[in-house]
Amino acid sequence: MLGRVSIRILLPLLMGLPVAVAALVLVGLWSGNARQSARTLNASEMAQIHARINERLGTLLRMPGRATALQREAILSGRLNPDDPRSWHDPLFDLTRAMDMLSGVTWGNAQGHAAWVYRYPGKPHPELAISDERTVRDGSLAIEEFSLDDSGNVIEQIGGYAYDPRTRPWYTGAVEAGKPTFLEPYAWVNGDGRATTLGLPFVEPVFDREGSNLIGVLAAEFSLQDLSDFLRTLRVGQAGFVLILDAHGHLIAHSLPAGDVPAALFIDGVPTAPMAAEMDDPRVRELSGVVDSALSASAGGATAVPVEGEPMLVRVSAFGSLPGLDWRIITAVPEVELLAPVAAARASSHRATLVAVLATILLGLGAGLLATMPVRRLVREIRRVGQGELDERVRPEPSSELRQIAEAVNAMAEDLRDRVRVRESLLVAMEVQKNLLPQEAPTVAGLDIAGHSTYCDETGGDYYDYLDVQPLGGQQAGQSRVALAIGDVMGHGVAAAMLMATARGILRSRCDEPASLGELLTHLNELLVGDTGGKRFMTMLLVMLDGDTGAMAWASAGHDPPMVYLAKDDRFAEFDGGGMPLGLFAGQAYETDTEGPFAPGDVVVLSTDGLWEARTTEGEFYGKQRLEALIREHAGGTAETIAAAIRADHLAACGESSQDDDITFVVAKIKGP
């Protein structure tokens, strides 16, 4: 029966009928499952609110670590005198003003002297405290406190009392931890030495550059009241709120009105973080009892919890991404608040759905009648292009829209042909360039060598090589001597690869003639300037190592000096020197520097800047300090062990998809004769 019906009528009917049925089914499902759908949407909204709060809180709680890191660097660089607390007045005031979310910053040294600037809750002015030889009372350490104006000038002395920072929880906790960390909240001492406020300290012990002697302790802190005030700035719906509990069930902070829930309980005059389960406010008390179950349920979304007989959507997450913190972040919003907009929209959606069904059927009929035949023909031709017939051209149709599709498909096929050709060319270039790099490390008496290079594109501008350079005087290089070369062309891609290949050829051709490393660079620069006209350049580092004597000669053209780890001294040697990058200016003369001799176990690393300038997954630079720490940790292994550790740590820190520059390095370890 259907076979007698024209396809021009049958196809539009078949298009419109499923749409109508689907729309009617959706209306029925919407009506029957509106509440569940609303909860699903609300759970998603809750997840966004919760994630935003966690993100804002994480940003805030990273601030103390940045503050102590700035002060530590100032101490180690000599900008701050750890033995002169009075000189800390202006730096501490400027820091607390710049990081105005912090309540205060403290320094206490190993001699029992201290300095701090704090903004105490409820007080109109920040306060400065100083403890040194001038504040000693009756032979005991003491501290004097001063009120400061908005410019950091002293208004008046407001108190003084016996005080030894080395006995305070923030100091002893830092010494015990031995590293930067958050500690449990503790009572601040203020004015006449009485505890008035609970503070959350981030502490960092500061050691000398050798890491063996404790200089003192830095602390950057929030008052729990300020932390609660911060939470009140985060919008959680119209009537929602946030609670922060530690792992023991203490209430750390909350966004409820300050008059409803206190920030601390005073026991015998000492402020203490209250147990959430013992609070008078039923919201805090009831939610504290469901933290563990809500935490498990929040892995799949928000969970409904009755609070004072009113259903609330609750989401809980563990917050432990910072050292010393093991918190539970609880976000709660009344369910009725999130359901109200959905209920209001449900009635109007019924009407809109019916109108949409009728409109869809009519549009389907019209579009089907007009587009059936041209579309079928167009689909057949496009399918041939999709099957690889890139020379096939799709015929244009009378309809302007279909004609645009045909033209777009034809243009796409042309682009695909070009891309295929370019891709094939790049694959050939990649294979050629790969063969230009050393396939294996050389065997050199007294030395252990390993190299690695990874390009961010199919081709790149990084270069490394092992050279047999004839020394001045024409004597033989010997089996215990090797020249290491590493270079970095501006940019990457095909142009950089061509310049790299040119430099490699020039360098290798010159190695057969006696020359110093500086003369090799001078010769290479003259030829590259002639080829590039000074419009492209590259940096290069040449290092000559002698495995018998441990001597090192090096020459640099705008490249970072070699990194040399002295195993016996457990430190990195520092070198100065080098000239302009290659290819910019003619007439440059490069000099050769000599260092050493180095002892067995010392490690020499040559690298391009793509290694330490790569961004980690957290957005920070990988950095030379991290690289030096990795070399120091694995210096006892072979050169290949050190190289493998660098590759593995770099991949773990930066990820596979973050590389935007070529990464090349060479590791050489002195073994001795």
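Just the heavy atoms: all of them, side chains too, but no hydrogens, waters or symmetry mates, feed the values below. For clarity, every value in this text was computed on a predicted model and none was experimentally measured.
Between the His113 side chain and the Pro85 main chain, no donor and acceptor come within less than 3.5 Å of each other. A donor-acceptor pair is defined here as one N or O able to donate and one able to accept, closer than 3.5 Å; such a pair exists between the side chain of Arg62 and the backbone of Gly58. In this structure, the side chain of Asn109 engages the main chain of Gly112 through a donor-acceptor pair within 3.5 Å. A donor-acceptor pair is defined here as one N or O able to donate and one able to accept, closer than 3.5 Å; no such pair exists between the side chain of Thr68 and the backbone of Leu218. Side chain of Thr592 to main chain of Gly518: a donor-acceptor pair is present (N/O by atom type, distance under 3.5 Å, no hydrogens or angles). Glu204 contributes no side-chain N or O that, together with a main-chain N or O of Lys179, makes up a donor-acceptor pair within less than 3.5 Å. Although no hydrogens or angles enter the test, the distance criterion places no donor-acceptor pair under 3.5 Å between the side chain of Lys669 and the main chain of Ala450. Panel note: side chain Asn525, backbone Phe585; a donor-acceptor pair is recorded below 3.5 Å. Side chain of Ser480 to backbone of Asp546: no donor-acceptor contact under 3.5 angstrom is found. When atom types are taken as modelled, the side chain of Asp208 and the backbone of Ser212 share a donor-acceptor pair closer than 3.5 angstrom.
Interatomic distance, NE2 of His634 versus CD1 of Ile642, reported as 9.0 Å (0.5 Å rounding). To the nearest 0.5 Å, the span separating CH2 on Trp612 from OG on Ser607 amounts to 4.5 Å. Within the model, atoms CG of Leu517 and OH of Tyr590 stand 14.0 Å from one another, a figure rounded to the nearest 0.5 Å. In this structure, CG on Asp548 lies 8.5 Å from CG on Leu447, to the nearest 0.5 angstrom. A distance of 5.0 Å separates CD in Gln111 from CG in Asp83, rounded to the nearest 0.5 Å. Distance check: Met563 CE to Phe572 CZ gives 5.0 Å after rounding to the nearest 0.5 Å.
Considering only heavy atoms from C-beta on, Asp164 stays 4.5 Å or farther from Tyr171 through its side chain. Residues His559 and Asp609 form no side-chain contact, since every pair of their non-hydrogen atoms from C-beta on lies 4.5 Å or further apart. Between Thr96 and Leu102, the closest side-chain pair of non-hydrogen atoms is not below 4.5 Å. Taking the side chain as every heavy atom from C-beta outward, Val175 and Pro205 never approach each other to under 4.5 Å. Leu545 is not listed as a side-chain neighbour of Ile449, based on a closest heavy-atom distance of 4.5 Å or more. By the 4.5 Å heavy-atom criterion applied to side chains, Asp246 and Glu184 are counted as neighbours. The side-chain heavy atoms of Phe575 and Val564, taken from C-beta on, include a pair separated by under 4.5 Å. Considering only heavy atoms from C-beta on, His523 comes within 4.5 Å of Ile506 through its side chain.
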Before giving the answer on side chain to side chain contact (heavy atoms under 4.5 Å, CB included), spell out for Leu60 and Leu227 the whole-Å C-alpha distance, their side-chain angles and the decisive distance to 0.1 Å.
-> CA-CA 9 Å; Leu60 175 71; Leu227 195 57; 3.7 Å; yes
Take Trp107 and Ile75 through the side chain to side chain contact (heavy atoms under 4.5 Å, CB included) test and state the conclusion after the steps.
-> CA-CA 11 Å; Trp107 164 250; Ile75 292 172; 3.7 Å; yes
Give the C-alpha distance, both sets of side-chain angles, the deciding distance and a yes or no for side chain to side chain contact (heavy atoms under 4.5 Å, CB included) between Val604 and Leu484.
-> CA-CA 10 Å; Val604 180; Leu484 309 176; 5.5 Å; no
Determine, step by step, whether His452 and Ile646 satisfy the side chain to side chain contact (heavy atoms under 4.5 Å, CB included) criterion, reporting the C-alpha distance in whole Å, the side-chain angles of both residues, the deciding distance to 0.1 Å, and the verdict.
-> CA-CA 10 Å; His452 172 77; Ile646 295 173; over 6 Å; no
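Taking the ring axis of Phe319 as reference, the NZ or CZ atom of Arg328 does not stay both within 45° of it and closer than 6.0 Å to the ring centre.
Between Arg615 and Gly619, the shortest heavy-atom distance links the atoms NH1-O, 2.8 Å. Considering every non-hydrogen atom in both Ala219 and Val203, the closest pair reads CB-CG1, 4.0 Å. Contact detail for Pro442 and Val482: the closest heavy-atom pair is CG-CG2, 4.3 Å. Leu606 and Pro562 make their closest contact through CD1-CB, 4.4 Å (heavy atoms, listed as atom of the first residue, atom of the second, distance). Among all heavy-atom pairs drawn from Leu80 and Ser87, the shortest one is CD2-O, 4.4 Å. Minimum interatomic distance between Leu200 and Leu183 (heavy atoms only, all atoms of both residues): CD1-O, 3.5 Å.
Note on ring orientation: taking the six-membered ring where Trp is involved, the planes of Phe202 and Phe182 are perpendicular (angle over 60°, cut-offs 30° and 60°).
The local environment of CG in Asp576 is sparse, with at most 12 non-hydrogen atoms from other residues, nucleotides or ligands closer than 6.0 Å. Heavy atoms from other residues, nucleotides or ligands lying under 6.0 Å from CD of Glu176 number 12 at most. The local environment of CD in Glu640 is crowded, with over 12 non-hydrogen atoms from other residues, nucleotides or ligands closer than 6.0 Å.
Judged by distance alone, the side chains of Tyr463 and Asp488 never bring a donor and an acceptor atom under 3.5 Å apart.
Look at Asp649 and Arg647 and you find no salt bridge, because none of the NZ, NE, NH1 or NH2 atoms lies under 4.0 Å from a carboxylate O.
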